[in-house]
Amino acid sequence: MEPKEKADDQEQEVKKGGDVFPDAGQAELFNQTATGQAPWRTQASKSDKETNDKEQTTASSVPDTWKLCEVEAGADYIPCLDNMEVIRKLQHDEHYEHRERHCPEEPPTCLVSLPKGYRSPIRWPKSRDKIWYNNVPNTQLVEFKGHQNWVNISGEHLIFPGGGTQFKRGALHYIDVIQEAKKDVAWGKRSRVILDVGCGVASFGGYLFDRDVLTMSFAPKDEHEAQVQFALERGIPAISAVMGTKRLPFPSRVFDIVHCARCRVPWHIEGGILLIELNRVLRPGGYFVWSATPVYQKLPEDVEIWEAMTDLTTAMCWKLVNKVKEKINNKGVAIFQKPMDNRCYDNRSASDPPFCGEYDNPDAVWNITLQTCIHKLPTDRASRGLRWPEEWPLRVETPPYWLKSSEAGVYGKPAPKDFQEDYEHWKRVIRNSYMEGLGIDWSAVRNIMDMNAVYGGFAAALRNMKVWVMNVVPIDSSDTLPIIYERGLFGIYHDWCESFSTYPRTYDLVHANHIFSHIKKRCELLGPVVEVDRIVRPGGRLIVRDDMETISEVESIVKSLHWEVRLLYSQGKEGLMFVQKTMWRPSPSSS
């Protein structure tokens with residue numbers, strides 16, 4: 001099919017044809033499906049969640065007509081966070097239950113509208129400083145936080161000066177204050193993967209890119225409307241999530257640093273249940289960096305909170321390694337360190353908080369209720385998390401020390417070899433195929449999602465590009481997410497029969513490697529493909545590698561959504577499809 005006329009602000013790309021992909025061998029198309037022999041249980045099995053295959057049915061049927069979603073959230077609709085039918089029936093919301101995921105029984109098959117005046121996003125790195133107002137037309141945060149140097153309006157742009165509640169003079173100065181306070185933070189070497197809690201517009205994570213640090217930022221979809229959406233529009237990684245009643249969707253012992261700057265989380269109450277959850281995800285020997293008024297103010301309430309936090313962190317065996325007050329912003333930072341072994345745990349005078357039971361798996365996270373207990377560390381030195389990873393960037397190429405040659409990896413070879421061959425495969429595919437063969441303007445690509453990341457080899461092969469990759473490990477696939485974190489990358493667990501916790505129009509490129517054939521064993525393909533349409537920006541791209549039967553099903557759906565098929569190639573039963581989303585939306589009248 002011939003591409004339609006495109007707006008001036010959307011780049012023209014090479015049309016499909018023989019000159020686009022001259023050498024099929026460059027795509028390395030083969031059946032990259034798991035053997036089922038890998039030693040890593042799925043997240044679903046760890047969390048005791050049923051993910052049964054559905055009865056075999058015919059291919060997903062494409063609707064005769066598409067309709068816009070008629071929802072209160074409008075152009076910002078996140079199905080699992082905006083399920084008002086369920087949210088209004090909740091008995092409680094004091095623990096932010098109303099901000100947690102409540103997915104519809106069936107994935108929506110309506111389409112999310114575009115904001116009026118939407119245009120192709122400003123490209124990185126300029127996007128860190130300014131975005132189009134019409135793309136995220138929310139003013140509440142400007143009114144709430146403008147005086148704190150978060151965000152301001154200037155003509156048709158939203159401007160981000162790089163400040164925050166705790167760092168009005170700029171994030172880079174604040175980042176350097178942390179480094180000075182604890183030298184072996186060593187941004188971009190020892191400390192590579194950070195969790196930023198209650199991130200605001202994620203300027204902290206946005207400026208940590210200058211230090212070669214990758215930050216997973218999160219905040220709830222709350223009264224500060226669109227803070228996570230602002231972050232993603234700027235080209236900064238973020239998800240919509242809340243510290244409520246459930247564990248965060250990350251493995252245990254994976255983040256080098258957890259950071260909280262005035263994130264408004266009451267860490268000290270209810271047995272410290274929320275801080276204990278951060279303890280679960282923090283790597284042994286990692287740091288908790290806390291910048292809030294109790295650290296540096298002497299008001300009675302602040303003193304009371306600091307004393308409670310001191311008692312709690314001491315009971316958790318965290319060590320206060322430094323507490324500083326810097327002069328320019330007149331703010332303070334406290335840095336705590338998690339222990340590397342069980343010696344402190346074994347010598348505690350009191351058992352509060354208690355230890356978790358032996359059957360409480362710290363890596364079971366999918367819809368698992370938070371507990372006020374702490375997990376002791378493994379005693380076997382060969383276990384994951386007991387040695388600090390290699391310094392970045394060496395860690396991205398090095399198989400984790402806890403991968404055993406005696407165990408088979410996802411693709412059936414000894415695990416370290418499986419890891420290495422996967423990495424070499426994706427380096428070749430990206431170098432020989434994706435960089436040139438698809439005609440992608442990579443300067444227009446910033447936010448990438450890998451729907452089925454396995455070892456994170458695809459993201460690792462892109463590490464020298466000015467992009468970031470959200471690595472997704474499906475809950476019914478081998479749990480390789482700890483491996484991804486170990487190599488200095490990040491990611492999240494997800495069930496692709498549900499919607500993802502992100503705003504519409506937030507990804508420039510989605511990579512789908514043998515995931516749709518996996519998904520359709522459990523749910524109809526229509527919902528997941530519509531979800532990809534929701535999260536990809538107009539002008540954004542989808543690369544599908546799968547069996548040709550599945551590719552044909554996806555092709556029929558995306559064509560009906562007016563996506564442009566740039567390339568369709570097959571080699572035996574395996575194939576590759578490259579498609580691009582347009583600005584098309586059904587007219588409101590047809591909805």
Side-chain angles (χ1 to χ4, degrees), residues 7 63 65-90 93 96 98-122 131-145 151 153 156-158 201 218-234 238-242 447 498-508 510 526-540 561-563 581-591:
T65 57
W66 290 100
K67 295 184 178 181
L68 294 176
C69 299
E70 297 181 359
V71 289
E72 291 180 24
D76 295 337
Y77 180 44
I78 305 175
C80 289
L81 298 181
D82 292 314
N83 188 356
M84 301 311 298
E85 183 180 354
V86 171
I87 291 171
R88 290 193 178 104
K89 294 177 182 176
L90 291 174
D93 64 6
Y96 282 82
H98 58 306
R99 304 299 185 197
E100 295 183 318
R101 288 172 61 83
H102 303 282
C103 297
E105 288 189 18
E106 295 294 329
T109 54
C110 58
L111 305 183
V112 177
S113 59
L114 286 175
K116 186 177 180 181
Y118 181 89
R119 57 201 295 185
S120 292
I122 293 171
I131 61 176
W132 299 118
Y133 170 78
N134 284 341
N135 287 12
V136 192
N138 290 290
T139 60
Q140 282 183 290
L141 203 62
V142 177
E143 295 159 6
F144 241 43
K145 296 289 187 178
V151 56
I153 297 176
E156 57 185 0
H157 294 106
L158 288 164
V201 295
F218 77 90
K221 192 178 185 187
D222 65 0
E223 67 275 10
H224 291 172
E225 278 298 334
Q227 52 186 327
V228 165
Q229 193 176 22
F230 283 144
L232 289 159
E233 184 72 14
R234 296 173 70 192
I239 59 168
S240 290
V242 66
N447 305 354
E498 300 176 357
S499 78
F500 194 79
S501 292
T502 192
Y503 281 86
R505 305 171 302 280
T506 50
Y507 284 89
D508 301 302
V510 170
L526 185 64
V529 175
V530 169
E531 174 64 2
V532 170
D533 179 85
R534 186 184 72 86
I535 67 177
V536 171
R537 292 167 166 169
L561 291 167
H562 295 239
W563 286 50
K581 182 178 174 180
T582 66
M583 286 278 193
W584 180 84
R585 295 288 86 177
S587 63
S589 58
S590 68
S591 301

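Side chains are part of it too, since the values below use all heavy atoms of this structure and drop only hydrogens, waters and symmetry mates.
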>> Whether the side chain of Asp82 engages the backbone of Glu72 through a donor-acceptor N/O pair (distance < 3.5 Å, no angle test) should be reported.
In response: no
> Charged N to carboxylate O under 4.0 angstrom, Asp76 versus Arg505?
Replying inline: yes
With rounding to the nearest 0.5 Å, note down the distance linking [atom1] in [X] to [atom2] in [Y].
X      : Y      : atom1 : atom2 : answer
Ile78  : Ile535 : CD1   : CD1   : 11.0 Å
Ile131 : Gln229 : CD1   : CD    : 8.0 Å
Tyr77  : Cys110 : OH    : SG    : 5.5 Å
Arg234 : Leu158 : CZ    : CG    : 10.5 Å

Might you point out which heavy atoms bring [X] and [Y] nearest each other, and give the distance in Å?
X      : Y      : value
Asn135 : Tyr118 : OD1-CD1, 3.3 Å
Tyr503 : Lys221 : OH-CG, 3.3 Å
Pro115 : Asn134 : CB-O, 3.4 Å
Arg585 : Lys581 : NH2-CE, 3.7 Å

> Checking side chain to side chain contact (heavy atoms under 4.5 Å, CB included) against Glu498, which of Pro104, Cys103, Pro107 comes through?
Replying inline: Cys103
>> Quick check on side chain to side chain contact (heavy atoms under 4.5 Å, CB included): which of His98, His102, Glu100, Arg101 does Leu81 satisfy it with?
In response: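 Answer to the side chain to side chain contact (heavy atoms under 4.5 Å, CB included) test with Leu81 among His98, His102, Glu100, Arg101: Arg101.
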>> Below 30° counts as parallel, above 60° as perpendicular, anything between as tilted: where do the rings of Trp132 and His157 land?
In response: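 Aromatic pair Trp132/His157 classed parallel.
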> Is there side-chain contact between Pro121 and Glu233, with at least one heavy-atom pair below 4.5 Å?
Replying inline: yes
